[in-house]
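Okay, structure first, notes after.
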2 protein chains.
Amino acid sequence: MDQKMIDIYNLIQELAWLFGDHGFNGECCGDLTFIEYMALKKIEASDQITVQETGRALNFTKSGASKIIDRLENKGYVARQVSPLDGRVCCISPTIQGRSAAAGIIQQYTSYLDEILQELGPAEISNIRSALQLLVDSAHNRADWPVGGVGR
Amino acid sequence: MDQKMIDIYNLIQELAWLFGDHGFNGECCGDLTFIEYMALKKIEASDQITVQETGRALNFTKSGASKIIDRLENKGYVARQVSPLDGRVCCISPTIQGRSAAAGIIQQYTSYLDEILQELGPAEISNIRSALQLLVDSAHNRADWPVGGVGR
DNA sequence: ACGGATAGTTTCCTTTGTCAACCAATAATA
DNA sequence: TATTATTGGTTGACAAAGGAAACTATCCGT
């Protein structure tokens with residue numbers, strides 16, 4: 001039983017490695033780093049998000065978040081815009097190029113998955129999907145983390 | 001069907017984030033970075049490994065690998081030793097402290113998993129394990145990667 | 001209108017990894 | 001055997017990236 005948890009842990013870690021920043025030979029996300037890509041995804045998902053919210057979502061300080069957004073902006077993938085409601089806050093939104101870059105990355109990985117999973121039947125694939133979903137949901141349902149706090 | 005692949009991709013990415021270098025508030029692995037921890041795991045797994053092999057296993061250049069091993073050595077987790085067969089190569093091996101540090105990290109994550117998965121029954125947990133296994137095996141059975149080559 | 005709070009940016013600093021040059025040891029060849 | 005090429009590893013200069021703290025601009029409460 002405990003062994004099963006250890007297995008799960010090691011497997012997750014292996015996946016985290018394979019699909020993280022170093023797995024795909026450093027070229028994990030086109031001209032984006034893994035972190036920049038995650039930020040772009042968050043920005044896309046909420047369609048209007050502030051600098052600090054982006055940072056909070058990704059466990060970065062606000063200065064770190066500001067710089068990540070700088071890089072995305074320099075690449076033309078997001079745009080800053082002063083909020084009409086509050087002159088201090090920046091509304092970050094994805095540009096057309098940003099959306100299409102993200103779509104391209106998803107496309108690329110999806111076809112990679114298609115390829116490596118082609119041996120499997122649809123039932124097995126469904127099963128993988130729901131197992132992952134269960135895992136991610138369980139992790140999100142926990143407010144805190146194994147070590148330290150989340151605040152920053 | 002394609003949507004299912006996209007789901008799987010996004011879920012893996014979420015997991016990669018949660019269990020990667022930034023997920024746990026930066027404190028992912030005690031006094032080790034994610035990368036250092038992965039290197040320690042590789043070193044532990046093979047019990048005798050060279051600097052370059054470590055680098056190759058983790059997609060780092062040899063100088064990068066050398067420095068990662070420097071840091072592990074400074075922390076007292078691995079030891080360098082000149083190979084008796086070839087005076088050029090370094091045999092890296094984990095120290096007692098290295099083994100116990102790795103065990104501690106595994107312990108910590110395992111109990112975290114225990115906690116977040118406590119709602120689930122043993123059958124569901126078994127299912128998660130085998131789904132992850134299937135995924136990781138499928139990825140490893142592919143020699144190459146979605147973009148670029150592996151060589152360095 | 002003024003003092004405190006809040007969102008972002010910028011500057012300085014540390015960490016990390018690559019590239020290229022280098023050293024030492026082995027292998028190959030004349 | 002002497003010499004040259006190759007290979008494993010380390011080192012130094014450099015660039016990228018993110019945190020802390022100082023700074024700017026705006027908003028809110030009195």
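Just so it is clear: chains get the letters A, B, ... in the order the sequence lines come, proteins before strands, and each one is counted from 1. Note that the structure is predicted; figures quoted are calculated from it, not measured.
- Distance B:E53 CD to D:dG8 C1': 11 Å, rounded to the nearest Å.
- In this structure, B:G64 reaches the bases: a heavy-atom distance under 4.0 Å links it to at least one base atom across the strands shown.
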Provide a list of protein-nucleic acid N or O atom pairs under 3.5 angstrom, restricted to nucleotides 1-4 of chain C.
none

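- Within residues 73-83 of chain B, the residues having any heavy atom closer than 4.0 Å to DNA chain D are, in order of number, B:R80.
- Every side-chain hydrogen bond (donor to acceptor under 3.5 Å, both in side chains) that A:S126 has, sequence neighbours left out, goes to B:K4.
- With sequence neighbours excluded, the residues forming a side chain to side chain contact (heavy atoms under 4.5 Å, CB included) with B:A101 are B:Y77, listed by chain and number.
- Rounded to a whole Å, the CD1 atom of A:I69 is 14 Å from the P atom of C:dA7.
- Within the structure, every pair that satisfies the salt bridge (Lys or Arg N to Asp or Glu O under 4.0 Å) test and touches residues 122-131 of chain A, not counting sequence neighbours, is listed here: A:R129-B:D7.
- Donor-acceptor pairing under 3.5 Å, judged by distance alone, is present between the side chain of B:K67 and the base of C:dT18.
- Ring geometry for B:Y9 versus A:Y109: interplanar angle under 30°, hence parallel rather than tilted (30 to 60°).
- Electrostatic pairing of A:R80 and A:D70 counts as a salt bridge here, judged by a charged N lying under 4.0 Å from a carboxylate O.
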Which atom pairs, one a donor and one an acceptor, fall under 3.5 Å between side chains of residues 48-55 of chain B and the rest of the protein, sequence neighbours left out?
residue: B:T50; atom: OG1; partner: B:E53; partner atom: N; Å: 3.1
residue: B:E53; atom: OE1; partner: B:T50; partner atom: N; Å: 3.2
residue: B:T54; atom: OG1; partner: B:T50; partner atom: O; Å: 2.8

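- The nearest whole Å value for the distance from the NZ atom in A:K62 to the P atom in D:dC23 is 14 Å.
- Whole-Å rounding puts the B:D86 CG to D:dG9 P distance at 9 Å.
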